[in-house]
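Below, chains carry the letters A, B, ... as their sequence lines are ordered, and counting in each starts from 1.
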Amino acid sequence: MIKCSNLTKKFGSNISLNNVTCEFHKNESIALMGANGAGKTTLIRSILGYYHPDSGSVKINGFDPVKNRVEVLQNISFVPQLPPPIKLNLDELMQYISIGAKIDKQLIMHYANEMKLDITSNLHKSFFTLSGGMKQKMLIAISLAKKSDIIIYDEPTANLDPKARDDFYKLLNENEDEKVLLFVTHRLEEVKDLVNRQIYMDLGKVVSDEKF
Amino acid sequence: MKNLYLIAYLDLKESIRAKWFIVYSFVFGGLIALFFIAGVTESQVMGFSGLSRLLLMYIQITIVILPIFILITTVRSISGDRDSHVLEYMLSFPISLKQYYWGKVLGRFITVYIPVLFAMIIAIAYGSFKGANIPWGIFFLYTGLLFSMSSAFLGIAFFISSFVKSSEIALGIAFFIWIFLLSFIDIALISLMMQERVNEGLVIFIALINPMEIFRVAAISLFDPELTVMGPVAFYILDLMSQGVFVFISIIYPLMLGLLFAFLGYKIFEKKDLV
Ligand SMILES: Nc1ncnc2c1ncn2[C@@H]1O[C@H](COP(=O)(O)OP(=O)(O)O)[C@@H](O)[C@H]1O
Ligand SMILES: [Mg+2]
């Protein structure tokens, strides 16, 4: 489903991805690991089509994520490393997503509910005024409601309490089949049961890639 | 198209809640209110009276503060969202860059234009309530001029926003452009004129490609169709074209300039890394 071939991305003289080649297939849950600055986020952003590669290519189901961003992003759910300070309130944010990405609002509400986030009483609060954990829950609810084939989480549990983490993993387990699940994480023990592949990156290269 | 309107609508809603918008509306509304309180409508100066006088004063102040307001508030729209990673999230949905960018442009345009227009409408409404003669010609000309003026600076602001790395730099550039158009060009041209080596027609041409200057001249021209206030400059302008054509150009030209810059901004936005 996702195919990176000889992907290189530089920022000035800093090589963030150095000739990375890797493929992710259906039914794979991948833990993407490595020290800070290893290039994990850069890899994810390349998959999302945010970066123009210096060389090499990314293909999602055969599509180029830069040139065909709409087709590609229809199939991807993404939760970023830190919830951004979006000024829209929850109602407006859901409007943006339900119209822009054709996601059912009720479904977002449903998953928010499962994550113990009360949307109804916060509907007219700006997203950025919510607590860190609430923001994360909202983004996770959206990512689950957007029934995508590819789900990408860049350290999604950083702000969650243990209980919320359990809820999250439980929901993911229900949701998992026929998908690619790509996790950036520093806590392997947490996702051990969920993943069937581990990739380590360092200095912009994939240094180990194990399936089990 | 649906996405474009959605993005415009949400941007508009977001802006209206923002503090800068409240200040912005307050300044233009307050300006008109101040004129009324100061009795500008009652006084007669230079032969214009009442509402015409008020609108002329309004436009002269607007010409100075509107560009800087638009530049400062808009220049950070895309670069600010990029800085704060809002863009990274919002663009992870299947919305084309075209819809996103032009939706933002449309939303911002409505945001910056409405208060300025509204202040004029209040003036007209209050004036007619007081039984004054409504100078409709002036009203429509100014509405048009403000429309194209807003689009010119909005376009420039989006252009800057598309390539600048951080929003601080964007602010700096915006401020520089404002000062540059407001006075440096004038000062430079006056010194050129004084040396008397350069063709006056050329100097005037350079002056008038500045959207702020063409706006200024067009605004005065309604009161003074012969442009006598402009002295010899009028000779060149009216020699080239009739007053009607000049007014038309002074509306079309900044509008086109704005669209051109907005379009260049879009091309850069599309070609560059998004986050
Ligand atoms: N937009 C950018 N501009 C400049 N350098 C960047 C940018 N994004 C990432 N980098 C650099 O690329 C390297 C990899 O970063 P990143 O992919 O964020 O690492 P990780 O997510 O694994 O911690 C780092 O050295 C970082 O400083
Ligand atoms: Mg990272």
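When all heavy atoms are compared, the tightest approach of A:Leu88 to B:Arg17 is CA-NH2, 3.9 Å. The two atoms that bring B:Ile95 and A:Gly100 nearest to each other are CD1-CA, 3.9 Å, heavy atoms only. B:Ser84 and A:Pro85 get closest at one heavy-atom pair: O-CD, 3.2 Å.
A donor-acceptor contact shorter than 3.5 Å links the side chain of A:Tyr96 to the backbone of B:Met90. Although no hydrogens or angles enter the test, the distance criterion places a donor-acceptor pair under 3.5 Å between the side chain of A:Tyr50 and the main chain of B:Ser92. In this structure a side-chain-to-backbone donor-acceptor pair under 3.5 Å is present from A:Arg69 to B:Phe93.
With chain A as the partner, the residue from B:Leu274, B:Leu87, B:Asp11, B:Ile7 showing the most heavy-atom pairs under 4.5 Å is B:Leu274. Most heavy-atom pairs under 4.5 Å with chain B: of the set A:Ile97, A:Leu93, A:Asn75, this distinction falls to A:Ile97. Of the listed residues (A:Val79, A:Leu139, A:Val72), the one with the most heavy-atom contacts under 4.5 Å to chain B is A:Leu139.
When heavy atoms are compared at a cutoff of 4.5 Å, A:Lys67 does not approach chain B at all. With a threshold of 4.5 angstrom between heavy atoms, A:Ile142 approaches chain B through side-chain atoms but not through N, CA, C or O. Within the 4.5 angstrom heavy-atom criterion, atoms from both the backbone and the side chain of B:Leu10 approach chain A. Proximity to chain B is absent for every atom of A:Ile152, based on heavy atoms less than 4.5 angstrom apart. Within the 4.5 angstrom heavy-atom criterion, atoms from both the backbone and the side chain of A:Gln95 approach chain B. Heavy-atom distances place no part of A:Lys102 under 4.5 Å from chain B, backbone and side chain included. For A:Phe127, no part lies near chain B; criterion is any non-hydrogen pair under 4.5 Å. In this structure, the portion of B:Tyr100 lying under 4.5 Å from any heavy atom of chain A is its side chain and not its backbone. With a 4.5 angstrom heavy-atom cutoff, A:Asn89 touches chain B via backbone and side-chain atoms both.
The line from NZ of A:Lys87 to CG of B:Asp81 is 6.5 Å long, rounded to the nearest 0.5 Å. Once rounded to the nearest 0.5 Å, the distance linking CG of A:Leu48 with OH of B:Tyr89 reads 11.5 Å. Taken to the nearest 0.5 Å, the CD atom of B:Glu14 stands 7.5 Å off from the CD atom of A:Glu92.
Heavy-atom contacts from other residues, nucleotides or ligands closer than 6.0 Å to NZ of A:Lys26 number 12 or fewer. More than 12 non-hydrogen atoms from other residues, nucleotides or ligands lie less than 6.0 angstrom from NZ of A:Lys147. Heavy atoms from other residues, nucleotides or ligands lying under 6.0 Å from NZ of B:Lys13 number more than 12. Atom CZ of A:Phe11 is surrounded by more than 12 heavy atoms from other residues, nucleotides or ligands within 6.0 Å. Within a 6.0 Å radius of NZ in A:Lys59, more than 12 heavy atoms belonging to other residues, nucleotides or ligands are found.
In this structure the side chain of B:Tyr9 never reaches within 4.5 angstrom of the side chain of A:Ile99, judged on heavy atoms.
Among the residues in residues 255-273 of chain B, those with a non-hydrogen atom closer than 4.5 angstrom to a non-hydrogen atom of chain A are B:Glu270, B:Lys271, B:Lys272, B:Asp273.
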